[in-house]
Amino acid sequence: MNQKFSKVRDSNFELLRIVAISMVLILHADFFSLEGPSAADIMSDLSGSSMRILIQALTISAVDIFVMISGYYGIQHSKHGIFNFLFQTFFYLIIIYVVCIACGLSKLNMTGIKELFMLTSSNWFLKSYILLYIIAPVLNAFVSKANKRQFKFILISYYAFILIWGWLFPTSTDYIAGGYSPLFFVWLYLLARYMRLYSFRLTQLTFVTAIIFYSITAFFVLLICISTYYIGGGCCVWLYSIAVYITHYCGNSNVTDHSHLQATYFK
């Protein structure tokens with residue numbers, strides 16, 4: 001007997017994707033376009049500089065949220081999926097480069113061509129995500145075989161390693177890069193998989209309680225970012241990401257099939 005399953009869009013995660021996209025745009029407009037305030041800027045204009053740091057702190061978790069959504073649903077590895085992602089990536093990179101040349105913002109040279117094909121230090125997210133996609137089958141295999149105790153141990157020990165050698169003593173390693181690396185993406189992916197398989201107390205909160213949890217967490221992260229101006233703030237970005245994620249996760253949604261919703265172009 002054939003059973004027909006309807007695919008209902010999960011409005012909570014669709015909204016979360018829109019929020020994350022908006023956060024990316026605001027983040028780049030705030031710090032990457034206008035550049036971060038210097039020590040002199042903070043001394044001369046404390047309120048304005050603090051506001052820019054606040055905006056940066058509120059939006060810095062956007063990429064982490066995307067990776068966690070990918071981990072929640074799981075990346076289904078396929079040649080067609082990676083081809084679509086690479087095609088769309090290079091398509092937009094070429095358009096942006098051509099527009100920049102036409103507007104006089106860039107020149108046609110070897111450096112620009114290298115950036116176009118992601119052969120420089122720029123576009124770290126795309127390269128990190130490609131690697132995450134490549135190793136996703138290995139991560140999914142681990143998730144399917146590991147029990148809850150093993151899974152929890154890996155998550156805690158993995159993050160302890162990143163926390164100590166990535167943020168508390170950042171000069172001791174260069175491959176963690178303050179979270180801007182595929183190494184941290186792997187942890188976020190596994191964390192989201194764990195949250196879906198083993199719904200712990202944070203994911204069972206009511207929507208109002210989740211909002212309160214999110215607000216307290218965001219305020220805590222903002223205080224760290226403002227008081228230290230980067231130093232120490234990075235290690236708490238993951239907590240803020242989880243807070244945003246849980247806030248949307250705790251909404252009521254009657255979904256019979258989530259498999260269609262992906263945080264990536266891998267469909």
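Because only heavy atoms are used, hydrogens play no part in the values below, and waters and symmetry mates are left out as well, while side chains stay in.
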query: If you look at every heavy atom in Tyr72 and Arg193, which pair is closest and at what distance?
result: O-NH1, 3.0 Å

- line: So OG1 of Thr120 and NZ of Lys114: to nearest 0.5 Å the spacing works out to 7.5 Å

- prompt: Out of curiosity, does Val138 fall in the hydrophobic cluster containing Phe185 (side-chain heavy atoms, cut-off under 4.5 Å, transitive links)?
  reply: no

field: Side chain Asn123, main chain Leu126, donor-acceptor under 3.5 Å
entry: no

- request: Would you check if the side chain of Ser122 reaches a backbone N or O of Met118 as a donor-acceptor pair within less than 3.5 Å?
  value: no

Separation between OH of Tyr92 and CD of Gln88, rounded to the nearest 0.5 Å: 6.5 Å

- prompt: Hey, what do you get for CD1 (Ile69) to CG (Asp64), rounding to the nearest 0.5 Å?
  reply: 11.5 Å

- request: Would you check, one step at a time, whether the test side chain to side chain contact (heavy atoms under 4.5 Å, CB included) holds for Val63 with Trp124?
  value: CA-CA 11 Å; Val63 170; Trp124 69 272; 4.0 Å; yes

- request: Please tell me if the side chains of Tyr97 and Ile101 come closer than 4.5 Å, counting only heavy atoms from C-beta onward.
  value: yes

task: May I ask whether Ile95 and Phe87 are part of the same hydrophobic cluster, defined by side-chain heavy atoms of I, L, V, M, F, W, Y residues being less than 4.5 angstrom apart, directly or through others?
output: no

- request: With rounding to the nearest 0.5 Å, note down the distance linking OG in Ser61 to CG in Leu27.
  value: 9.5 Å

- prompt: Can you find a heavy atom in the side chain of Met68 that is under 4.5 Å from one in the side chain of Tyr189?
  reply: no

query: Counting only heavy atoms not in Phe90, do more than 12 sit closer than 6.0 Å to its CZ atom?
result: yes

field: Same apolar cluster (I L V M F W Y, side chains within < 4.5 Å links), Phe85/Phe117
entry: yes

message: Working note: Leu105 + Val99, criterion side chain to side chain contact (heavy atoms under 4.5 Å, CB included); need CA distance, chi angles, decisive distance, verdict.
response: CA-CA 8 Å; Leu105 300 176; Val99 171; over 6 Å; no

query: Taking the side chain from Gln150 and the backbone from Asn147, do they hold a donor-acceptor pair closer than 3.5 Å?
result: yes

message: Is there a side chain to side chain contact (heavy atoms under 4.5 Å, CB included) between Lys148 and Tyr194? Walk through the geometry before answering.
response: CA-CA 8 Å; Lys148 183 177 181 180; Tyr194 182 91; 3.4 Å; yes

message: So, applying side-chain contact (heavy atoms from CB on, under 4.5 Å) with Tyr158, which one of Ile162, Leu155, Ile156 is it?
response: Ile162

task: Establish, yes or no, whether a centroid distance under 6.0 Å links the rings of Phe142 and Phe151.
output: yes

- prompt: Are the side chain of Lys145 and the backbone of Asn140 linked by a donor-acceptor contact shorter than 3.5 Å?
  reply: no

message: Could you report the tightest heavy-atom contact between Thr59 and Met23, atom names first, then the distance?
response: CB-O, 3.4 Å

query: Out of curiosity, does Leu93 fall in the hydrophobic cluster containing Met110 (side-chain heavy atoms, cut-off under 4.5 Å, transitive links)?
result: no

- prompt: Should the heavy atoms of other residues, nucleotides or ligands under 6.0 Å from CZ of Phe161 be counted, would the total exceed 12?
  reply: yes

query: Do the side chain of Ser78 and the main chain of Gly81 share a donor and acceptor less than 3.5 angstrom apart?
result: yes

query: Any side-chain heavy atom of Thr89 within less than 4.5 Å of one from Ile130?
result: no

message: So, taking the atom named CD1 in Ile164 and the one named CZ in Phe169, what distance separates them when rounded to the nearest 0.5 Å?
response: 8.0 Å

- prompt: For Trp165, does its backbone N or O pair with a side-chain atom of Thr173 as donor and acceptor, under 3.5 Å?
  reply: yes

- prompt: Do the side chain of Ser22 and the main chain of Ile18 share a donor and acceptor less than 3.5 angstrom apart?
  reply: yes

- prompt: Does the separation of the ring centres of Tyr180 and Phe125 fall below 6.0 angstrom?
  reply: no

query: What is the minimum heavy-atom distance between Ser181 and Ala177, and which atoms define it?
result: CB-CB, 4.4 Å

query: Step by step, would you call Phe184 with Tyr159 a side chain to side chain contact (heavy atoms under 4.5 Å, CB included)?
result: CA-CA 9 Å; Phe184 191 61; Tyr159 187 74; 4.3 Å; yes

query: In this structure, which one of Leu183, Val67, Leu188 forms a side-chain contact (heavy atoms from CB on, under 4.5 Å) with Leu132?
result: Val67

query: Honestly curious: do Ile21 and Val24 fall in one hydrophobic cluster under the side-chain, below-4.5 Å linking rule?
result: yes

- prompt: Which atom names give the shortest non-hydrogen contact between Ala192 and Gly71, and what distance separates them?
  reply: CB-C, 3.7 Å

query: Rounded to the nearest 0.5 Å, how far does SG of Cys100 lie from NZ of Lys107?
result: 14.0 Å

